[in-house]
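If you read the sequence from its start, that first residue is 1, and numbering goes on from there. From a predicted model like this one, the values you see are computed outputs, not experimental measurements.
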Amino acid sequence: MVGRDGEGSLPTIGAEAWESKLAATPIPKEAMNKLIMNFLVTEGYIEAARAFIKESGTEPGLDLDTITDRMEVRKAVQAGNVYSAIEKVNDMNPEILESQEDLFFHLQQQRLIELIRSGNVESALDFAEEYLAPQGEENPKFLEDLERTVALLAFEDAKSSPVGGLMDIAQRQKTASELNAAILGSQCAEKDARLPMLIKMLLWSQTQLDDKANYPHISDLVTGQLDVKAE
């Protein structure tokens, strides 16, 4: 039921009316299956993808064997083995790094971070001078990131420094995700899974609707639990 709580108040949509509207919205099973497969392939869940092919008959849109190679690259970066990741990518497709200077710089930057993490100051300085400084000279947009990274060497406890965020595992994850997206792009696949983007759109839509009505919110994204938001 839709009603108003009082003059000037927002209209209220009851749970029954809301669920009736949701139930009346057609969502083809094939579209849902493709959404699930897209997530499994993009995020690298190869065994789950194979099982889902058998269960639903949904085609993955690419050779599943390439997922194994891509995940090995991603895991190498996440473990700090950036040079190994670069070698694996070049074995897969050397054009990926040759054509994306931003990505290549970020991988080299991550290699420098790992050298600093290991405490090898001399090797870090040599690496920065030989590999990163020339990139900064050729493209000034890299200079700020280069300076921030080299600045880690000025602190005894780099993790607690103003630029210590570069030492976080999240920085490895960021670099790994950028490389993962580049590999997917080279395979003519979507760079990002659709499901997380749809969830973001859902949360944004709920925020927008908050100003227009009182209605049942999805309070639990895992179960889809609907709760009527109290005024």
Side-chain angles (χ1 to χ4, degrees), residues 1-71 73-75 77-78 168-231:
M1 180 176 180
V2 178
R4 286 187 176 273
D5 294 330
E7 188 177 348
S9 64
L10 296 175
T12 296
I13 305 174
E16 185 176 344
W18 189 260
E19 290 182 359
S20 177
K21 288 281 187 182
L22 292 178
T25 303
I27 302 177
K29 186 175 182 179
E30 181 182 357
M32 291 295 295
N33 288 343
K34 286 182 177 180
L35 182 65
I36 294 169
M37 181 60 77
N38 168 263
F39 178 79
L40 296 176
V41 167
T42 304
E43 295 302 315
Y45 298 109
I46 185 169
E47 295 306 322
R50 286 184 173 134
F52 196 62
I53 291 172
K54 293 180 181 179
E55 178 184 325
S56 67
T58 305
E59 291 298 322
L62 52 76
D63 183 354
L64 290 183
D65 288 337
T66 64
I67 297 179
T68 300
D69 295 334
R70 178 163 53 85
M71 287 301 100
V73 170
R74 187 173 187 172
K75 288 177 182 177
V77 177
Q78 290 172 333
D168 291 344
I169 297 303
Q171 178 66 25
R172 285 182 179 175
Q173 181 61 49
K174 179 182 176 182
T175 305
S177 295
E178 183 181 1
L179 182 54
N180 183 61
I183 296 172
L184 283 167
S186 73
Q187 297 169 345
C188 299
E190 293 182 59
K191 295 182 179 181
D192 299 298
R194 296 177 213 156
L195 185 57
M197 289 189 287
L198 287 174
I199 292 174
K200 289 179 182 178
M201 288 177 63
L202 167 66
L203 296 175
W204 177 84
S205 298
Q206 286 195 157
T207 301
Q208 296 299 305
L209 193 55
D210 284 345
D211 296 331
K212 299 176 175 62
N214 297 314
Y215 63 97
H217 286 63
I218 294 182
S219 58
D220 189 326
L221 293 173
V222 175
T223 64
Q225 175 67 40
L226 291 174
D227 287 333
V228 178
K229 200 171 185 180
E231 290 189 275

Asks: Sequence neighbours excluded, which residues qualify as salt bridge (charged side-chain N to carboxylate O under 4.0 Å, His left out) partners of Glu59?
Replies: none

Asks: Could you measure the distance from the CG atom of Leu10 to the CG atom of Asp210? Nearest 0.5 Å is fine.
Replies: 9.0 Å

Asks: Shortest non-hydrogen contact from Leu221 to Leu202?
Replies: CD2-CD2, 3.9 Å

Asks: Any side-chain heavy atom of Leu209 sitting closer than 4.5 Å to one from Lys212?
Replies: yes

Asks: How close do Ala15 and Pro216 get, counting heavy atoms only, and between which atoms?
Replies: CA-CG, 3.7 Å

Asks: Would you mind writing out the side-chain donor-acceptor pairs for residues 19-41 within the sub-3.5 Å range, not counting sequence neighbours?
Replies:
{"residue": "Thr25", "atom": "OG1", "partner": "Lys21", "partner atom": "O", "Å": "3.0"}
{"residue": "Asn38", "atom": "OD1", "partner": "Arg194", "partner atom": "N", "Å": "2.8"}

Asks: Could you tell me if the side chain of Pro11 sits less than 4.5 Å from the side chain of Asn214, heavy atoms only?
Replies: no

Asks: Look at the side chain of Gln206 and the backbone N and O of His217, then say whether any donor-acceptor pair between them is shorter than 3.5 Å.
Replies: no

Asks: Would you name the heavy atoms of Ile67 and Gly44 that are closest together and state the gap between them?
Replies: CG2-CA, 3.6 Å

Asks: Side-chain contact test, heavy atoms from C-beta onward, threshold under 4.5 Å: evaluate it for Ile169 versus Arg172 and give yes or no.
Replies: yes

Asks: With Ser177, which residues qualify under side-chain hydrogen bond (donor to acceptor under 3.5 Å, both in side chains), at least two apart?
Replies: Gln173

Asks: Sequence neighbours excluded and cut-off under 3.5 Å, please list the side-chain donor-acceptor pairs for residues 179-186, or say none.
Replies:
{"residue": "Asn180", "atom": "OD1", "partner": "Arg70", "partner atom": "NH1", "Å": "2.8"}
{"residue": "Ser186", "atom": "OG", "partner": "Ile183", "partner atom": "O", "Å": "2.6"}

Asks: For Asp65, give me all partners under salt bridge (charged side-chain N to carboxylate O under 4.0 Å, His left out), at least two apart in sequence or on another chain.
Replies: Arg50

Asks: Tell me every residue that passes side chain to side chain contact (heavy atoms under 4.5 Å, CB included) with Thr66, counting only those two or more places apart in sequence or in another chain.
Replies: Leu62, Asp63, Gln187

Asks: Go through the structure and list residues passing salt bridge (charged side-chain N to carboxylate O under 4.0 Å, His left out) with Glu43, not counting sequence neighbours.
Replies: Arg74

Asks: Grab the two heavy atoms, one from Ala213 and one from Tyr215, that are nearest each other, plus how far apart they are.
Replies: O-CD2, 3.4 Å

Asks: Only counting residues at least two apart or in another chain, list the ones meeting side-chain hydrogen bond (donor to acceptor under 3.5 Å, both in side chains) with Thr175.
Replies: Gln110

Asks: I'd like to know if the side chain of Asp168 and the backbone of Gln171 have a donor-acceptor N/O pair within less than 3.5 Å.
Replies: no

